[in-house]
Number of protein chains: 4
Amino acid sequence: MTTGSVSPRRADTRRNHERILATAAKSLAGSGEVSFNAIAKQAEVGVGTVYRHFPTPEALILAVYEREVRQLVDIVPILLEKHSPEQAFRKWTTDHLAHYMMTKRGLADALRAVTSSRGELPAGAYEAMVGAVFTLLKANVDAGTVRSDLKPETVLRGLGGLLYLDPNGEWRRDVADLLDLLWRGMGTCRS
Amino acid sequence: MTTGSVSPRRADTRRNHERILATAAKSLAGSGEVSFNAIAKQAEVGVGTVYRHFPTPEALILAVYEREVRQLVDIVPILLEKHSPEQAFRKWTTDHLAHYMMTKRGLADALRAVTSSRGELPAGAYEAMVGAVFTLLKANVDAGTVRSDLKPETVLRGLGGLLYLDPNGEWRRDVADLLDLLWRGMGTCRS
Amino acid sequence: MTTGSVSPRRADTRRNHERILATAAKSLAGSGEVSFNAIAKQAEVGVGTVYRHFPTPEALILAVYEREVRQLVDIVPILLEKHSPEQAFRKWTTDHLAHYMMTKRGLADALRAVTSSRGELPAGAYEAMVGAVFTLLKANVDAGTVRSDLKPETVLRGLGGLLYLDPNGEWRRDVADLLDLLWRGMGTCRS
Amino acid sequence: MTTGSVSPRRADTRRNHERILATAAKSLAGSGEVSFNAIAKQAEVGVGTVYRHFPTPEALILAVYEREVRQLVDIVPILLEKHSPEQAFRKWTTDHLAHYMMTKRGLADALRAVTSSRGELPAGAYEAMVGAVFTLLKANVDAGTVRSDLKPETVLRGLGGLLYLDPNGEWRRDVADLLDLLWRGMGTCRS
DNA sequence: CATGAATGAGTCTTCATTCAT
DNA sequence: AATGAATGAAGACTCATTCAT
């Protein structure tokens, strides 16, 4: 048994983990409902297996959330490499955040339900989001396109409305409008 | 039965309607859960009665939503009478909208669940909200405090992040920060 | 609607109550298991109905227990009318208590499980049993067949072993043996 | 592999056996619930190991039961050495049997559930208990404190009520009362 | 119209048991 | 032999909905 090889059992286990997570993500993106039984069926595993991997609904939802957020956050540096700071900000917001928010409404609801019940939010993930915005802001501040006294939290909050985009409408225009508004407010203009 | 005369029966009926609505509102403000049976019990009516007034969960939730929105909207003219346009805008946002959003999260969730499942949103209520913002904007445009090319929808979207305020934190400061950002973007400052 | 007549609905309700109780009694007599689902199926009612009548397993078990005990207790005066005090005591023990205990082992277990979990025993029923024994004792004391310083609780405890009778063996003889032993101890024989 | 030699493997195996038994005993003393998985976890072995040692729940429960009974039985000769026959009987009953029964209710329940379901009782263990009582009785008969025509089974049955002692009440007094009653019945008094 | 009992589908959760490693 | 992941049957419980009164 070489180091690289992993026992089939372990392989199954890992695959199950991933499968469950993926299935749950799909469910949450849609209705915001998570039925452990339904997920088990869709993921083609036993209910017990789901419970083994995620003892509580919270554990599952949080795991899904962190997975999604990670993807969002990891894209920032890539965007900054390829685009000007301003373009990076606009692209991230429009092409990634907006899209994410439109499709993950159920997740947001589930997340809120879960975290509010226990008062604990997935701090790490929130921090990560703030960090992503911070990075984008920093690049823009350095480029002189944005004033330096902005809190990333505030900007993120300003983007919160993206959750209510209508996927079947002219959402790109709506995002652009919101970005124009915010960008103006973020600018170095007098006052 | 002429318009003016109302049978005692009708009076009861109306009271029931109001009772159910109030009870449901309370429930939705909290957990976002609505059990028809539970609501019936709290409102001290039979389940059947709830069904008679609101044939489906959607009907109930929408009714609650419209009731809440109406209160929010009705306040605008009053604020505009007592305060400067800018102050009215800030007051409405901070003292009413933010408070409303913080306490009504459950309603927002329920509303989304309901509307997304059937694709129908309570257009009237949304229009009313947009109308409220429009009124506030108009007053400010007339006063020269805000530029004239703003769509109320955009501003409303910018305020969407208020949904994620932390009632146990320094939410007033957070609101102020967001308002500062938006207000700057709304101003007449050159491009 | 005359006083005597009861609406069909009510009739159903009552019948359900009785049915559930009877079914549960049968179940408990056997395995000591009470599956709400199983009981519902056997009683030919919905699960929800069982829950409506008995919100918790405890409620159900206690109800069954009290029903059984009542039968046991109610027989005492009848026996005392027809038989001598001694015969009444022997008959009650052998023909009723022993039979009851042999068939209701499951109930005893369930009862213990239920009461120990909450520390509350169905005091009323226990008192009733003690009362039954007291009545029997009293009659015997008056008849001079038994000494007067016996606590009914002690005698009842002495009869506790009847729970372990073997229904497929010579249990009558075993009961007789135990009764002989106890009766001797209960007698007015010198110290 | 000769009888004397024991491989380290075997040592582990034995230790596991004992561990599982001890853990199960503890569990059974408490709630009467035995989850193989839970026992495995507490005993710090895999579930499979538990199954290897005890193929069925019955096997486990019976093993525990026999272990407990053995302890009870083994004490009798020791008591008889140190005390008078009467004292030995009283001490055994009060200090060992009563205590055992109070703390092992769960075991009794489990045992009954198990044996009644399959109709097989742990004959050996029962015989052992009867034997213990027989020994105590014999000593007393020889000492003239007890009549000679008593069946140990009957006396044991008379002690059966000890199962219902209240550990949080004046159980010692209750035991004493029961013993007084029985002892009187066991005596050589006339008739 | 109002009432609330009945129904049963569906979710949550636990556990005995199997079996690949 | 030991381990523990996977499985799924089974029981507890909730709640939307119907319908007799």
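Nothing here was measured: the structure is a model prediction, and the numbers come from that model. Chain naming here is simple, since letters A, B, ... match the order of the sequence lines and numbering starts at 1 in each.
- The side chain of N37(A) contributes no N or O atom lying less than 4.0 Å from OP1 or OP2 of dG10(E).
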Return a table of donor-acceptor pairs under 3.5 angstrom between the side chains of residues 34-48 of chain C and protein atoms on other chains or two or more places apart.
unit_1: S35(C); atom_1: OG; unit_2: N37(C); atom_2: N; d: 3.3
unit_1: S35(C); atom_1: OG; unit_2: A38(C); atom_2: N; d: 3.0
unit_1: E44(C); atom_1: OE1; unit_2: R19(C); atom_2: NH2; d: 2.9

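- L107(A) CG to M101(A) CE: the interatomic distance, rounded to the nearest 0.5 Å, is 10.5 Å.
- Looking at heavy atoms from C-beta onward, L163(B) lies out of side-chain contact with Y100(B) at the 4.5 angstrom threshold.
- To the nearest 0.5 Å, the span separating OH on Y164(D) from OH on Y126(C) amounts to 11.5 Å.
- Regarding R52(D), its CZ atom lies at a distance of 6 Å from the P atom of dA2(F), rounded to whole Å.
- As rounded to whole Å, 13 Å separates atom C1' of dA2(E) from atom CZ of R19(B).
- Computed from coordinates, the H17(C) NE2 to dA6(E) C1' distance equals 15 Å when rounded to whole Å.
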Let's test your reading of the pairing rules: Watson-Crick or G-U wobble, both distances under 3.5 Å, then write DNA chain F as a dot-bracket string with ( ), [ ], | and dots.
.||||||||||||||||||||

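- For R70(C), the side chain to side chain contact (heavy atoms under 4.5 Å, CB included) partners at least two apart in sequence or on another chain are R67(C), D74(C).
- In this structure, R14(D) places its CZ atom 18 Å from C1' of dA2(F), rounding to the nearest Å.
- At the phosphate of dA6(F), OP1 or OP2 sits under 4.0 Å from a side-chain N or O atom of H53(A).
- Near DNA chain E, meaning a heavy atom under 4.0 Å from it, residues 41-49 of chain C has V45(C), G46(C), V47(C), G48(C), T49(C) in order of number.
- Shown are I61(A), T23(A), L60(A); of these, the side chain to side chain contact (heavy atoms under 4.5 Å, CB included) with L28(A) is made only by I61(A).
- Contact annotation: S35(A) side-chain N/O to dG10(E) OP1/OP2 distance is not under 4.0 Å.
- As a whole-Å value, the separation of N16(D) CG from dA1(F) C1' is 9 Å.
- Atoms CZ (F54(D)) and P (dA16(E)) sit 15 Å apart, rounded to a whole Å.
- Looking at residues two or more places apart in sequence or on another chain, you find a ring pair (Phe, Tyr, Trp, His ring centres under 6.0 Å) between H17(D) and H53(D), F54(D).
- Remark: E68(B) CD to L21(B) CG distance equals 8.5 Å, nearest 0.5 Å.
- Contacts of V50(C) with the nucleic acid, taken as non-hydrogen atoms under 4.0 Å apart, are absent.
- We find that CD1 of I39(C) is positioned 15 Å from C1' of dA10(F), with the value rounded to whole Å.
- The interatomic distance linking F36(D) (CZ) with dA2(F) (C1') rounds to 16 Å, in whole Å.
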